[in-house]
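To keep things clear, I will list the structure first and then write my remarks on it.
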Amino acid sequence: MLIALTEEERKSLYKMGEASRPFAEKVLEYVVSNPEFLPPFTDVPEMQKDWKAITELLPIYNALAQLCSNLDDTLMEAGSEVMVPASSYYKSVQMATKLAVPSAKPIYEDLRVRFERKPKRPAA
């Protein structure tokens, strides 16, 4: 079952990175082979359940991360391929407005909103 964490919860968690996985796996082996060092408050079945979830979900995550990265690249490329001619069109409308070409001004007024600068908010 997947969960959702708040930003605060994410910040407060002890993170297991790529380099920590072998360490955690070895600890899980040692808690079984050498339980005499196990603190009494440690829930080994819960650790094993969480490790099983990690080993099962990580390959799915990695595949999805690659898919998401490729999807992001595709969207970026497609967006660029739309924005280049769109910018050319806007510049053409802008020039037509300067030359007082009929019907150019309403189009320019509608499209220029994209390029208007918003005032900066005062620092708190």
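From a predicted model like this one, the values you see are computed outputs, not experimental measurements.
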For this session: Could you walk me through whether Lys49 and Glu46 pass the salt bridge (Lys or Arg N to Asp or Glu O under 4.0 Å) test, one step at a time?
Result: CA-CA 5 Å; Lys49 182 181 92 171; Glu46 185 65 26; 3.5 Å; yes
Same apolar cluster (I L V M F W Y, side chains within < 4.5 Å links), [X]/[Y]:
{"X": "Ile54", "Y": "Leu28", "answer": "yes"}
{"X": "Phe23", "Y": "Val31", "answer": "yes"}
{"X": "Leu67", "Y": "Tyr61", "answer": "no"}
{"X": "Trp51", "Y": "Phe37", "answer": "no"}

Nearest-0.5 Å distance that lies between atom [atom1] in [X] and atom [atom2] in [Y]:
{"X": "Ser20", "Y": "Tyr14", "atom1": "OG", "atom2": "OH", "result": "7.0 Å"}
{"X": "Leu111", "Y": "Gln94", "atom1": "CG", "atom2": "CD", "result": "10.0 Å"}
{"X": "Thr97", "Y": "Glu109", "atom1": "OG1", "atom2": "CD", "result": "7.5 Å"}
{"X": "Asp50", "Y": "Leu57", "atom1": "CG", "atom2": "CG", "result": "10.5 Å"}
{"X": "Ser92", "Y": "Tyr108", "atom1": "OG", "atom2": "OH", "result": "13.0 Å"}
{"X": "Thr42", "Y": "Met47", "atom1": "OG1", "atom2": "CE", "result": "7.0 Å"}

For this session: Count the heavy atoms of every other residue, nucleotide or ligand shown that sit under 6.0 Å from CD of Glu8, and state whether that count exceeds 12.
Result: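 Not more than 12 within 6.0 Å, no.
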Exercise. Counting heavy atoms not belonging to Phe115, are there more than 12 under 6.0 Å from its CZ?
Worked result: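 Above 12, so yes.
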For this session: With the side chain counted from C-beta on, respond yes when Tyr30 and Val27 share a heavy-atom pair under 4.5 Å apart, and no when they do not.
Result: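 Tyr30 does not reach Val27 side chain to side chain.
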For this session: For the residue pair Met95 and Val101, establish whether any side-chain heavy-atom pair is separated by less than 4.5 Å.
Result: no
Problem set entry | Glu25/Arg21 under salt bridge (Lys or Arg N to Asp or Glu O under 4.0 Å): CA gap, chis, key distance, verdict | CA-CA 6 Å; Glu25 186 173 25; Arg21 285 191 196 105; over 6 Å; no
For this session: Show your reasoning for whether side chain to side chain contact (heavy atoms under 4.5 Å, CB included) applies to Arg112 and Val93.
Result: CA-CA 10 Å; Arg112 77 181 191 140; Val93 169; over 6 Å; no
Problem set entry | Backbone N/O of Met83 and side chain of Ser87: donor-acceptor pair under 3.5 Å | yes
For this session: Check for a donor-acceptor pair, side chain of Ser80 on one end and backbone N or O of Met76 on the other, with a separation under 3.5 Å.
Result: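 Between the backbone of Met76 and the side chain of Ser80 there is no qualifying donor-acceptor contact (under 3.5 Å).
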Exercise. Checking side chain to side chain contact (heavy atoms under 4.5 Å, CB included) for the pair Lys11/Thr6: CA distance, chi angles, key distance, verdict?
Worked result: CA-CA 9 Å; Lys11 287 178 184 177; Thr6 66; over 6 Å; no
To check you understand the geometry: which heavy-atom pair defines the closest contact between [X] and [Y], and what is its length?
{"X": "Met16", "Y": "Ala24", "value": "CE-CB, 3.9 Å"}
{"X": "Asp43", "Y": "Pro45", "value": "OD1-CD, 3.2 Å"}
{"X": "Val113", "Y": "Asp110", "value": "CG2-O, 3.7 Å"}
{"X": "Lys15", "Y": "Arg10", "value": "NZ-O, 2.7 Å"}

